[in-house]
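What follows is a set of notes on a single structure, which appears directly below.
Quick caveat, the model's predicted, so the values are computed rather than measured. Remember, it's 1-based here, ligands and their atoms both numbered in the order they're listed.
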Amino acid sequence: MDLIDTHVHLEDEAFDPDRVAVIEQAGAVGVKTMINAGSTPTANCAAQLLTKEFPGLFAAAGVHPHEFPDLGVEKLADLPGQLCQEKVVALGEIGLDYHVFPDYPPPHPEAQQAAYRSQLRLARIFELPLIIHVREAQADALRLLREQGPFPNAGVFHCYAGGTEFLAECLELGFYIGVGGPVTYPKADALRAALRQAPADRLLLETDAPYLPPQTRRGKRNEPAAIREVAEAVAALRGMSPDTLAAQTSENARRLFKLNPFDSGCFTYAIKDRLYVNLTNRCSSDCTFCPRRVSRRVQEFDLTLQREPLARELITAIGDPKAFREIVFCGFGEPLLRLPTLLDVARAVKARGGRVRVDTNGQAALIHGRDILPDCEGLVDEWSVSLNTADPEQYQRIVRPAGGASAPQAGREVHAGVITFIQQAVQRGFRVTVTAVELPEIDARALPQRAAQLGAHYRGRVPQRLGEPED
Ligand code: NI
């Protein structure tokens, strides 16, 4: 049986005594792929480390509504950086939960909504599917989703507990339905009625382990291996075999979270004498002028990625780098979000005598929380840094960096951080070109001079030809 647990909390302390055994037991019953849902800033970090250890484990990063008993958006400060990590395939779990728990502070709907809105904005910028947790707050959850949307990458209503009406609204928004242990509970007739109606291509299976065990394990710790029981229950109520259901729901999970190893998309594309490398569609800015809003095409190439390429795939695709004037990391996304992969590929290109250029928004040090330039020495020949304006206020308005989600002044700080990146790159002896999209509303005249002061070259770009290669 091919099963994917699309929602598990393996970093939870409940698994501290036997985490490896739990993952092995899951593998033994066919659960070889899992998505660890985020919940707190600390849990997001812990999950990130686990994904490095276990090849089949992917992560989502997000902050759960329970974390907002009051207006405390500083809990979102680290999230943009966490969304940039390798193997992060979704934003979540986020949402609204108005349930009153006896031993918990009462829910604060205003605080939860503020955090939900900010995280929805990040999902749009990073182009990640959403994992949404809703309890006793369906109308607000849908209203804010519509208000902040559209979300072409969609998402999942995890641990679906609604009836048929809510189902229709979720489906209309393009969302999937996550089904877990509660489908086996004696009182869950309304849920089972909704699940009988849901289209097969929108169902996902999950455990939410260590929480919400199926009926036979109630009161005990839940584990990803228990997803078999969920699969059997859903298959029975839909009148199909568990194997067929497992295959269908796993295909759905691979489609939504872009996990299919056989999907590729355009990883590299050659135009004239340059070869361009398309590492990611995720980005840490939301530029008003970004051509990706209109189209993902560059000449005949569609740069929409069905999944992010691995280093070895790119090295094979590049072949002999000397056949090109240079290898350029760019695409509709920020290549330095995938720093380890970029460095592996650049190392191979340099070893074979090629030239490497990286087109970047210059926010890498802010994203990764450290100076990344020492890692790049000898591997990158030229940085092309998109600064766009010499004015920090204008930068906040037109580039709209993701860091702005947690603090309104972040745009100015990010602008200063990009200038520092340019200065440090020049000091380390890299060739640096500062670029700007020459929009009528931007006074770009100050920029060539500013670039010269920083010791960098300058290249203005025509807005109509964004996404096209330069001459
Ligand atoms: Ni959960």
Practice item. Tell me, please, if His133 has any N/O/S atom, main chain or side chain, under 2.8 Å from the Ni ion (ligand 1)? Key: no
Revision key, fill the gap. Which atom of Asp208 is nearest the Ni ion (ligand 1), counting N, O or S only? It is OD1
Review point. Any salt bridge between Glu172 and Arg146, counting N to O under 4.0 Å?
Key: yes
Review point. Can an N, O or S atom be found in His158 less than 2.8 Å away from the Ni ion (ligand 1)?
Key: no
Check your understanding: Between His133 and Phe157, is the gap from one ring center to the other below 6.0 Å?
Key -> no
Check your understanding: Is the Tyr211 to His9 ring centre distance short of 6.0 Å?
Key -> yes
Point to revise | Nearest to the Ni ion (ligand 1) - the N/O/S atom of Glu93, by atom name | key: OE2
Practice item. Please find out if less than 6.0 Å separates the ring center of His158 from that of Tyr160. Key: no
